[in-house]
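Please read the structure below before turning to the comments.
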Amino acid sequence: MKLGFNEANDRFCKNHSVMMDLELCEKYGFDCIDIQSECLNRDLEAGKITLEEMGAWFQSHHLKMLSYNALCFFNMKQTQEEKDAVMAELDEIIRRCNILGCKMIVVVPSKDMKERGLTPTRKEIREDAVAVLKEMVKKCEPHGIRLSLEFCGEPSMTINRFEDAYAIVEEVNSPLVGVTLDQYHFYAMGSGWDTLEKADGKKIFVWHLNGTEDMPCGAYYNNDEKRLWPGAEGDCLPHARYADTLKKIGFDGDCCTIEIFRPAYYEMSQEENVKKSAEVTRAHVAKYAQF
C-alpha cells in the first residue's frame, strides 16, 4: 500500500507553496500526492511555479501525482452556458494533467440547490450526474485519464452518500469512472456499510484517510473542520472496518491518502504538518492496511 498526501492537510500553513509540498513529501517518504486546485491556482497566479516546472520535477523524482483535486460542482447545471463552463474547466484540467503526468481527476458534486431555488430528487440528480460523467469520459478517454466521483457528507451536497455515488458509477459503467471513498464523508451522512461491503473494490479509485470527532449525522456543525489525525484522541471512526472491508471487496487503488482540513493543524509549519502526516499515514498502513 502506497502512502498518499492531500494538500488539504497543510494548504493554509504559513507561506504554503505547492513546490515545498512536493519537496517535503519526497523527503518524508510519500509515494503520491493529490494536488489541490486552489493551492495550484494560487501559486500559478502568484508566479511561484509553472506547470512545466512541476511536470519536470515529477519526471525526476519518486513522488507522483495521484489526482488533480478537484473539478468542483460539476452537476445540476441549468443553462447551456453553465454546462459549457464545466466542460471548458475539464478541458483545462486535462491540459494540466497531461503536463503533470496525472491520470486521475476528482470530481465534486454541486451544493447550491437552495441558493438557486432547486429541489431535485435523488433520481433526477443521478440521471443528471450520469449524463454529465458520460460526456466527461469522451474528453478523458483519449488521454487515459480517469474520473473519481467524491460524494461529500453534508446535507446540502447533491451526492452525499456512498450508495448514491456508487449507483451513479455503476450506471455510467466505464472503467474510467469510479468513486473516491473518504472516511469522514462516509461517516458524516451515515453512508451504508451494507452497500460498501457488497461493492466492487475496483470501482473505488481513491481512499482518503482521516479521523473525526463524534458528531450528529447531518448537523450543520459536522463539517470538514472536525476531522482529526486517524487514531487521535476523540477519533470515533472504525479504522479496522474500513481497511478490512476495502481488502475484502478487492480495492486495488494501492494508495492510502491522508486528507484533513483541521484549522488547528494549519498552525503547524508546512514541514511539521507534512512530517506528522507521513508518520500518521505510515503507522496506519502498517497497522491496518497490509494488502
Side-chain angles (χ1 to χ4, degrees), residues 37 69-90 93 104-140 146-208 212 215-224 226 242 245 249 261:
S37 52
N69 195 312
L71 194 168
C72 292
F73 315 138
F74 76 94
N75 63 325
M76 297 307 299
K77 303 305 183 185
Q78 301 303 295
T79 69
Q80 192 60 48
E81 182 180 6
E82 291 173 336
K83 296 175 183 179
D84 290 345
V86 170
M87 292 303 169
E89 183 178 359
L90 178 61
I93 293 174
M104 183 145 53
I105 300 167
V106 172
V107 292
V108 173
S110 298
K111 58 179 290 185
D112 59 350
M113 298 302 97
K114 181 178 181 180
E115 293 83 352
R116 300 170 68 191
L118 301 176
T119 56
T121 63
R122 291 170 71 201
K123 181 175 183 291
E124 289 168 339
I125 291 167
R126 288 185 185 184
E127 289 174 348
D128 174 83
V130 167
V132 175
L133 287 168
K134 285 183 175 179
E135 289 303 307
M136 288 181 162
V137 166
K138 294 176 184 178
K139 289 179 174 287
C140 292
R146 298 188 294 169
L147 298 165
S148 191
L149 172 59
E150 182 163 11
F151 66 98
C152 297
E154 62 176 90
S156 62
M157 278 287 178
T158 48
I159 305 168
N160 56 21
R161 302 181 80 214
F162 174 78
E163 41 267 54
D164 290 320
Y166 189 76
I168 289 165
V169 166
E170 281 196 305
E171 189 169 342
V172 174
N173 192 29
S174 167
L176 296 180
V177 180
V179 178
T180 294
L181 175 63
D182 182 293
Q183 294 186 171
Y184 166 77
H185 287 317
F186 190 92
Y187 156 85
M189 281 294 292
S191 288
W193 283 98
D194 55 341
T195 305
L196 179 59
E197 289 164 353
K198 296 174 184 175
D200 178 356
K202 292 180 173 55
K203 294 184 184 294
I204 298 175
F205 289 173
V206 180
W207 174 17
H208 281 166
T212 183
M215 296 290 170
C217 177
Y220 75 89
Y221 53 88
N222 182 0
N223 56 41
D224 281 325
K226 300 299 187 293
Y242 280 111
T245 301
I249 66 176
F261 296 81

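Start at 1 with the first residue, then count along the sequence.
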*What are the two closest non-hydrogen atoms of Ala188 and Gly153, and how far apart are they?*
CB-O, 3.2 Å

*Can you tell me which residue pairs pass the salt bridge (Lys or Arg N to Asp or Glu O under 4.0 Å) test with a partner in residues 158-171, sequence neighbours excluded?*
Arg122-Asp164, Arg126-Asp164, Arg161-Glu163

*Point-to-point distance, once rounded to the nearest 0.5 Å, from CG of Leu147 to CG of Leu71*: 8.5 Å

_Partners meeting salt bridge (charged side-chain N to carboxylate O under 4.0 Å, His left out) with Glu135 (sequence neighbours left out)_ = Lys138

*Do the non-hydrogen side-chain atoms of Ser110 and Lys77 ever get within less than 4.5 Å of each other?*
yes

*If the plane angle is over 60° it's perpendicular, under 30° parallel, otherwise tilted; pick one for Tyr242 and Trp193.*
tilted

*Side-chain H-bond candidate by donor/acceptor type, Thr180 with Ser148, under 3.5 Å*: yes

*asked:* Measuring only between side-chain heavy atoms, which start at C-beta, is Asn69 closer than 4.5 Å to Val206?
replied: no

_Side chain to side chain, Lys114 and Ser156, heavy atoms closer than 4.5 Å_ = no

*What residues, two or more places apart in sequence or in another chain, satisfy ring-ring contact (aromatic ring centres under 6.0 Å, His included) together with Tyr166?*
Phe162

*Taking the side chain as every heavy atom from C-beta outward, state whether Tyr184 and Phe261 have any pair of such atoms under 4.5 Å apart.*
no

*Mind checking side chain to side chain contact (heavy atoms under 4.5 Å, CB included) for Asp128 and listing every partner two or more places apart, or none if nothing turns up?*
Asn75, Met76, Val132

_Is the shortest side-chain heavy-atom distance between Ile249 and Ile204 below 4.5 Å?_
yes

Could you list the donor-acceptor pairs under 3.5 angstrom formed by side chains in residues 194-202, with sequence neighbours left out?
{"from": "Glu197", "atom 1": "OE2", "to": "Arg241", "atom 2": "NH2", "distance (Å)": "3.0"}
{"from": "Asp200", "atom 1": "OD1", "to": "Lys202", "atom 2": "N", "distance (Å)": "3.0"}

*Verify the distance criterion only: is there a donor paired with an acceptor across the side chains of Thr79 and Glu81 at less than 3.5 Å?*
no

*Excluding sequence neighbours, so at least two apart, what forms salt bridge (charged side-chain N to carboxylate O under 4.0 Å, His left out) with Lys203?*
none

*asked:* Do Met189 and Phe151 make a side-chain contact, defined as non-hydrogen atoms from C-beta onward lying under 4.5 Å apart?
replied: no

*Does a side-chain heavy-atom distance below 4.5 Å link His185 with Glu154?*
no

*asked:* How close do Tyr221 and Pro216 get, counting heavy atoms only, and between which atoms?
replied: OH-CG, 3.3 Å

